[in-house]
**Q** 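Please see the structure below; I have some questions.
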There are 2 protein chains.
Amino acid sequence: MQKTNTSASSERDEADPHGPDDREFVNSLARGLSVIRAFSREAPEMTLSEVAARTGLTRAAARRFLLTLDRLGYVCTDGRRFRLAPKILDLGFAYLSSMDLWDVAMPYMEQVSAEVHESCSASVIEGCDIVYVARVPTTRIMSVALNLGARLPAFATSMGRVLLAHLPDAKARERLLTCPRRALTARTVTDADRLWEILLDVRAKGWCLVDQELEEGLRSIAVPLRNQRGRVLAAMNVSGHASRITPDEMIARYLPVLRRAAEQIARALPG
Amino acid sequence: MQKTNTSASSERDEADPHGPDDREFVNSLARGLSVIRAFSREAPEMTLSEVAARTGLTRAAARRFLLTLDRLGYVCTDGRRFRLAPKILDLGFAYLSSMDLWDVAMPYMEQVSAEVHESCSASVIEGCDIVYVARVPTTRIMSVALNLGARLPAFATSMGRVLLAHLPDAKARERLLTCPRRALTARTVTDADRLWEILLDVRAKGWCLVDQELEEGLRSIAVPLRNQRGRVLAAMNVSGHASRITPDEMIARYLPVLRRAAEQIARALPG
DNA sequence: GCACTTGTGTTCGTTTTTTGCACGCGGGAG
DNA sequence: CTCCCGCGTGCAAAAAACGAACACAAGTGC
C-alpha cells in the first residue's frame, strides 16, 4: 500500500554493495532479505530471473534464496513464478509484539477515533521517515492508503515534527539538514532554519499541527506518546480534511482528546 | 500483540534442524530469520547470549546475525541488548504492497465498519491458521488485540470457515483432520464430521456466522472476497459482542452490508 | 520446416565465505 | 579475591557463492 517510500531514509541499504568485507557480516542473510524486499506492488510476482535482475544476484543465487524461502513458507510458487506468502507478516509481527506500547495504546486510539470521528495513528521515527506502527482508520481522507509500516517524510508531518522535536538537539538539527526536504504542496515548509524554529515551538508546546504541508486538503495534529518516566516513545495524531475542520477547531476539539489519551497511555504503560 | 500463535500451523518450522542438507538450501538465511523471530512480547530485548539460547545457535553465530541485522538497520542495540527496529516492518510491508487487494478493499472495509459500527477485518488462510491482513478496528470488544499478522485457528473462526469452505474438497478435508482443534469455549465445534457439514453449508450459502466458538461473548459473520473471475482471495468479517446483537440480527443487518462491499471490491479489482 | 537467437531454469567444480569450537578477557556478585 | 556469566576472536572444517556450462522452450527470420 502506498508507494511513497519517500526519503532516502536508510543510510545503508542492503542489496549487495559487496558487503563490508567484515567477517562478522553474513552476506547470505543480507541477500536473502533483499530478495524479500525485491517484491513490491510493481513486482508482486516474479520469475527466478526477474528476482535475480532486481536484486543484482546471479540466477543461481536467487534460486537458492527463493527455494530456501519457499521451504520456510515465506514465499510460495506455482513452479515458475514466486510470490510472497502471508507468513512474511510474522517477521513484522515479531516487532509489533515486542512493543507493549501498541497493545496498550490501541484501545485509547480507538477511543480517540470514535470521539473525533477521524483516523488516529501512531508512528515512530527512523532516519528521515516516520513509520506507521498503529492505526485506527475511518473513512479515507488521504489520497494514499497508510498502513502499518508505511513511511512518510518526518519533516512534513505532524508526528514527524513531534518526534524530531523530542530528539536531542544535535540529532534533530542533523536530520533536518541532511534529510531531503522536497516540497509536497505549495505550503510545505522546507527551509531548515524555519523548520528548526517550528521544532523549538513544538517542543515547548508539546504538540504540532501541520496544515496541508504533506497533502493538499489534509490537516493533522500530533502529540508525543511517553512512558511513565517521560521518555518519548512515539507520536500519535489525528487528521482531518481541510474542508471539515479549521486549524483552530482542531486545537480546540482534537488536542484535548489527544492529550488525555496520551496521558492515559503513559499511565497504563509498564515501566 | 496477541500471544495466541495458535495451531502448529507451519509444517516446516525454521530454526536449525540442521537443514535439509540440500545444496539449494541457504542455512544462513533460515537462521537469520529465526533470529528475527526470536524476538517476541516475552523477549522484546535480548543479549547476544539470550538470542543464541532462544534460537539454538552458537553465540558466535548469533553474534554474526545480530551484527548483520544491525548493519542493515533491522535491529538496534545499545551495545549490550538488541531489539528489533521498525525497519522490520518493511519486510511485511513488501508483502502487503504486493497485493493490490488490501489497498482496494480498505476503503470498502472502512465503509462497512462505519455502517455497522463494528470492527471489520480481512484475512487469508495459511496452513491451519487465518492471518489478518487488513483491519478497521472500532472500540475493542475482544480480549486480545488482533493486528496485522495475527493468527487464529481457522476451524473456529468465521473467516477461517469461509476460507476452508472454498478450498478444494480434498484440501479442506485434510486440514480439518490434521489441524489441532482445541475447544476454545464451551460452544466450539471440534468434531471433524460436524465441521465438514458446516463447511458444505458455508460453501452453499456463501457466508458463515460463528457464535461464541472462538471467544465467549464474541459473534462474527464473514463472507469471501473474490476477484472478478470469482476466485476466492481472502475473507472479510464483522464481529460484534453477543450482548449487543443476536445472530439473526447479524444476518439481517450485517450480511447485506458485507455482501455489497465484497461485490464492490470484486468489481474494483484488476483482472 | 529449419537453424538461430533469446530467455529460461538447473547442475557442477572451484573459490570464497561462513561456521563452530576453543580460548581469552573483563566486570559484577558473592 | 575468585567465580561466573556475557562477550569477543582465531582457526580448521564445512558451507555457500560464483561462474560457466548444460538443457529446454518459445519465438524469429529465412
Side-chain angles (χ1 to χ4, degrees), chain A residues 12-39 42-72 74-85, chain B residues 12 14-39 42-72 74-84:
Chain A
R12 9 39 173 184
D13 220 80
E14 45 200 298
D16 185 34
H18 218 145
D21 323 293
D22 294 276
R23 289 174 50 71
E24 333 192 295
F25 191 82
V26 184
N27 269 303
S28 317
L29 176 55
R31 290 178 189 156
L33 292 174
S34 83
V35 166
I36 292 175
R37 299 191 50 171
F39 291 89
E42 291 75 37
E45 195 174 271
M46 290 187 279
T47 65
L48 186 159
S49 304
E50 285 171 314
V51 171
R54 267 187 167 254
T55 53
L57 298 171
T58 62
R59 287 203 307 280
R63 180 166 179 270
R64 281 191 301 272
F65 290 119
L66 285 170
L67 291 176
T68 303
L69 289 171
D70 180 35
R71 280 260 195 90
L72 296 173
Y74 292 112
V75 309
C76 51
T77 174
D78 60 359
R80 185 181 314 268
R81 299 188 161 281
F82 294 84
R83 49 170 51 252
L84 295 178
Chain B
R12 2 52 167 177
E14 43 202 299
D16 187 33
H18 221 144
D21 324 292
D22 295 277
R23 268 172 60 72
E24 330 192 296
F25 190 84
V26 184
N27 268 305
S28 319
L29 177 53
R31 289 178 190 163
L33 292 173
S34 82
V35 166
I36 293 176
R37 299 191 50 172
F39 291 89
E42 290 75 37
E45 194 174 270
M46 289 186 280
T47 66
L48 188 159
S49 304
E50 285 171 316
V51 171
R54 269 190 165 250
T55 53
L57 297 171
T58 63
R59 286 201 313 281
R63 179 168 180 270
R64 283 190 294 267
F65 289 119
L66 286 169
L67 291 176
T68 303
L69 290 170
D70 181 36
R71 280 262 194 90
L72 296 172
Y74 293 110
V75 310
C76 50
T77 174
D78 59 358
R80 183 180 318 263
R81 301 190 159 280
F82 294 84
R83 48 171 53 248
L84 294 178

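What's counted below: heavy atoms across the whole structure, side chains too, no hydrogens, waters or symmetry copies. Just so we're on the same page: letters track the sequence lines, and every chain starts at 1.
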**Q** Quickly work out the A:Asp70 CG to C:dT10 P distance and round it to whole Å.
**A**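 Between P of C:dT10 and CG of A:Asp70: 11 Å.
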**Q** Quick one: on DNA chain D, does A:Arg64 or B:Arg81 contact a more 5' nucleotide (nearest heavy atom)?
**A** B:Arg81
**Q** Check the phosphate of C:dG9 against A:Ser49, side-chain N and O only, distance under 4.0 Å to OP1 or OP2. Yes or no?
**A**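 Affirmative; the distance criterion is met.
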**Q** Could you state the atom-to-atom distance from CZ of A:Arg31 to C1' of D:dA16 in whole Å?
**A** 9 Å
**Q** Toward the 5' end of DNA chain C, which comes first, A:Arg80 or B:Ala60, by nearest nucleotide?
**A**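 On the 5' side of the pair lies A:Arg80.
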**Q** Please report the distance, rounded to the nearest Å, between CG in A:Leu67 and P in D:dA16.
**A**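 Going from CG in A:Leu67 over to P in D:dA16 covers 13 Å.
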**Q** What's the separation between atom CG in B:Leu33 and atom CZ in B:Phe65, rounded to the nearest 0.5 Å?
**A** 9.5 Å
**Q** How long is the span from the CG atom in B:Leu29 to the CG atom in A:Leu67, to the nearest 0.5 Å?
**A**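 One finds 11.5 Å between CG of B:Leu29 and CG of A:Leu67.
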**Q** Take A:Ala61 and B:Thr47, find for each the nucleotide of DNA chain D with the closest heavy atom, and name the residue whose nucleotide sits nearer the 5' end.
**A** B:Thr47
**Q** Taking atom P of C:dT17 as reference, at what distance in whole Å does atom CG of B:Leu29 sit?
**A** 19 Å
**Q** Between atom CG in A:Leu66 and atom C1' in C:dG9, what is the gap in whole Å?
**A**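 Checked: the CG to C1' distance equals 12 Å.
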**Q** What pairs with B:Ala53 under side-chain contact (heavy atoms from CB on, under 4.5 Å), at least two apart in sequence or on another chain?
**A**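 For B:Ala53, no residue satisfies side-chain contact (heavy atoms from CB on, under 4.5 Å) once neighbours in sequence are set aside.
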**Q** Return the value, rounded to whole Å, for the distance between atom CD of A:Glu24 and atom P of C:dT19.
**A**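 Atom-to-atom, A:Glu24 to C:dT19, this comes out as 12 Å.
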**Q** To the nearest 0.5 angstrom, please state how far the CG atom of A:Leu57 sits from the OG atom of A:Ser34.
**A**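 With rounding to 0.5 Å, CG (A:Leu57) is 5.0 Å from OG (A:Ser34).
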**Q** Any chance you could measure A:Leu66, atom CG, to A:Thr77, atom OG1, to the nearest 0.5 Å?
**A** 8.0 Å
**Q** Taking atom P of C:dG20 as reference, at what distance in whole Å does atom CG of B:Leu57 sit?
**A** 7 Å
**Q** Apply salt bridge (Lys or Arg N to Asp or Glu O under 4.0 Å) to A:Arg54 and list each qualifying residue two or more places apart in sequence or on a separate chain.
**A** none
**Q** Who are the salt bridge (Lys or Arg N to Asp or Glu O under 4.0 Å) partners of A:Glu45, not counting sequence neighbours?
**A**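 So A:Glu45 forms a salt bridge (Lys or Arg N to Asp or Glu O under 4.0 Å) with A:Arg81, A:Arg83.
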**Q** Between C1' on C:dT11 and CZ on B:Phe25, what's the gap in Å once rounded to a whole number?
**A** 20 Å
**Q** Taking the side chain as C-beta and beyond, is there a heavy-atom pair between A:Arg59 and A:Leu48 under 4.5 Å?
**A** yes
**Q** Identify all pairs in which a protein N or O lies below 3.5 Å from an N or O of nucleotides 21-25 of chain D, and state each distance.
**A**
none

**Q** With B:Thr47, which residues qualify under side-chain hydrogen bond (donor to acceptor under 3.5 Å, both in side chains), at least two apart?
**A** B:Glu50
**Q** Using OP1 and OP2 only, check whether a side-chain N or O of B:Asn27 sits under 4.0 Å from D:dA16.
**A**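 So the side chain of B:Asn27 is within the cut-off, an N or O lying under 4.0 Å from OP1 or OP2 of D:dA16.
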**Q** Looking at A:Thr68 and B:Val26, would you say the former's side chain and the latter's main chain have a donor-acceptor pair under 3.5 Å?
**A**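 Looks like yes, one N/O pair under 3.5 Å.
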**Q** Considering the terminal five base pairs at each end of the helix from C:dG1-D:dC30 to C:dG30-D:dC1, what angle separates the two local helix axes, rounded to 10°?
**A**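 What I find for the helix from C:dG1-D:dC30 to C:dG30-D:dC1 is an axis angle of 30°.
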**Q** I want to check one thing: is the phosphate of C:dT18, taken as OP1 and OP2, less than 4.0 Å away from some side-chain N or O of B:Ser28?
**A** no
**Q** Which nucleotide sits closest to the side chain of B:Thr58: D:dC18, C:dT11, C:dG20?
**A** C:dG20
